[in-house]
Amino acid sequence: SKEHAEEYAREVLSDAMQRVVMDETAERTVTTVALPSDDMKGKIIGKEGRNIQTLERLTGIDILVDDTPGVVILSGFDPVRRQVARVALEKLIEDGRIHPARIEEVVGKAQKDIDQVIKKAGEDAAREAGVPGLPPEIIVLMGQLTFRTSYSQNVLHHSVEMAHLAAMVAAEIGANVQVSRAAAFLHDLGKAVTHEMEGAHHHITRLLCDKYGIDEAITHAAEAHHDDIEATTPEALIVRAV
């Protein structure tokens, strides 16, 4: 068994990986918004900078209006806030009415629209990953990962991919398939709030799972995918391996 274990492990992992393929995207902390003309830059800034200050205050995103023709740049580490700012600014540009009261109205609507996108993304991902019954708060947090990238890969897509891989490996070696699937799906949960909470993302995942009542077997396997936590179950070792 020892003689053939490594070869067998390679076969299990490579077979699982060959069956799952996901798109990759580049890591970003900025978003570019196209303008119909450079005259729009003056409207975005507003009299004495009131419009741009209102936008930045409501969205929490830096709006860079410089000499680059035909665009403004939205800069910030929080991808959800950046998405809200993008949607709001595009609606304001399309409408043409840009003033503080209108900005507040449009940003509020954009926030509601993005909240719906996030909720649906989380629900769709959980369904695709085969992880039913997650608390609504966890679904929303996972949905936020649709706007995050890590190591050139969309984090929510990566989480779904991980769930499938872990389930395949667990089935092959006789581990708990559903625990492996759920833990792999949730392993990057903490990345949804790393811009709000201090600490490594896998430790934040533990805090969030504990807060919302996720089973300890799943929580441990999700947290232990990095080497500073000892993986004490087969399911935790699977999540770490895939």
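Residues: numbered from 1 along the sequence shown. What you see is a predicted model, and the numbers here were worked out from it, not measured in a lab.
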Close side-chain approach of Ile61 and Ser75, heavy atoms under 4.5 Å: no
For the CG atom of Asp113 and the CD atom of Gln83, what is their distance to the nearest 0.5 Å? 11.0 Å
Partner set under side chain to side chain donor-acceptor pair (under 3.5 Å) for Asp124, not counting sequence neighbours: Lys120, Arg127
Nearest heavy-atom pair of Ala110 and Val87: which atoms, and what distance? CB-CG1, 3.9 Å
Transitively linked via ILVMFWY side-chain contacts under 4.5 Å: Val193 with Tyr212? yes
Main-chain N/O of Thr146 paired to Asn154 side chain as donor or acceptor, under 3.5 Å: yes
All side chain to side chain contact (heavy atoms under 4.5 Å, CB included) counterparts of Glu104, not counting sequence neighbours: Leu58
Test side-chain contact (heavy atoms from CB on, under 4.5 Å) applied to Met142 and Val131, Val155, Leu156, the passing residue: Leu156
Going by side chain to side chain donor-acceptor pair (under 3.5 Å), name the residues that satisfy it together with His226, two or more places apart in sequence or in a different chain. none
Indicate yes or no: at least one non-hydrogen side-chain atom of Leu134 is less than 4.5 angstrom from one of Ile214. yes
One should read off an interatomic distance between Gln178 CD and Arg181 CZ, to the nearest 0.5 angstrom, of 5.5 Å
Does a side-chain heavy-atom distance below 4.5 Å link Arg148 with Leu145? yes
Distance from His202 atom NE2 to Lys191 atom NZ, nearest 0.5 Å? 11.0 Å
Mind checking what makes side chain to side chain contact (heavy atoms under 4.5 Å, CB included) contact with Val140, not counting sequence neighbours? Ile118, Gln144
Is there a path of hydrophobic side-chain contacts, each under 4.5 Å between heavy atoms of I/L/V/M/F/W/Y residues, joining Ile138 to Ile204? yes
What pairs meet the side chain to side chain donor-acceptor pair (under 3.5 Å) rule with one or both residues in residues 34-43, with sequence neighbours excluded? none
Look up atom CG in Leu207 and atom OG1 in Thr219, then write down how far apart they are to the nearest 0.5 Å. 10.5 Å
If you measure from CG on Leu165 to OG on Ser180, what distance do you get to the nearest 0.5 Å? 11.5 Å
Using side-chain heavy atoms (C-beta onward) and a distance below 4.5 Å, is Ile218 in contact with Val179? yes
Looking only at heavy atoms, which two atoms of Ala88 and Val107 are closest? And how far apart? CB-CG2, 3.8 Å
Do you know the tightest heavy-atom contact between Ser159 and Asp188? OG-CB, 4.4 Å
Which atom of Gly190 lies closest to which atom of Thr205, heavy atoms considered: N-OG1, 2.8 Å
Counterpart residues, side chain to side chain donor-acceptor pair (under 3.5 Å), relative to Arg102 (two or more places apart): Asp95, Glu105
Can you name the nearest heavy-atom pair linking Val65 to Ile44, along with the distance? CG2-CG2, 4.5 Å
Qualifying ring-ring contact (aromatic ring centres under 6.0 Å, His included) pairs with a residue from residues 168-191, counting only residues at least two apart or across chains: His158-His187, His187-His225
Which residues pass the side chain to side chain donor-acceptor pair (under 3.5 Å) test with Gln116, not counting sequence neighbours? none
I'd like to check Leu55 versus Leu92 (side-chain heavy atoms, cut-off strictly below 4.5 Å). Are they in contact? yes
Shared hydrophobic cluster, Val80 / Ile63 (ILVMFWY, side-chain heavy atoms < 4.5 Å): yes
Pairs in or reaching into residues 49-61: which pass salt bridge (Lys or Arg N to Asp or Glu O under 4.0 Å), with residues at least two apart or in two chains? Glu48-Arg50
For Ala236, check side chain to side chain contact (heavy atoms under 4.5 Å, CB included) against everything at least two apart and list the hits. His220, Ala221, Ala224, Ala231, Thr233
Could you state the interatomic distance from CG (Leu74) to OG1 (Thr32), rounded to the nearest 0.5 Å? 8.0 Å
Would you please name every residue forming a side chain to side chain contact (heavy atoms under 4.5 Å, CB included) with Ala184, sequence neighbours left out? Met162, Ala166, Val239
Indicate yes or no: at least one non-hydrogen side-chain atom of Lys211 is less than 4.5 angstrom from one of Glu137. no
Where at least one partner belongs to residues 217-228, residue pairs that pass salt bridge (Lys or Arg N to Asp or Glu O under 4.0 Å), sequence neighbours excluded: Arg206-Glu223, Asp227-Arg240
Are any non-hydrogen side-chain atoms of Asp78 and Arg82 less than 4.5 angstrom apart? no
Can you check whether Ile98 reaches Ile103 side chain to side chain, under 4.5 Å on heavy atoms? yes
Linking I/L/V/M/F/W/Y whenever their side-chain heavy atoms sit closer than 4.5 Å, directly or via other members, would Val33 and Ile45 fall into one cluster? yes
Write down the atom of Cys209, the atom of Leu189, and the distance for their closest heavy-atom approach. SG-CD2, 4.1 Å
Verify the neighbour count for atom NZ of Lys119: are there more than 12 heavy atoms of other residues, nucleotides or ligands below 6.0 Å? no
Can you get from Met197 to Leu141 by hopping between Ile, Leu, Val, Met, Phe, Trp and Tyr side chains that sit under 4.5 Å apart? yes
Check the surroundings of atom CD in Glu230: do more than 12 heavy atoms from other residues, nucleotides or ligands lie under 6.0 Å from it? no
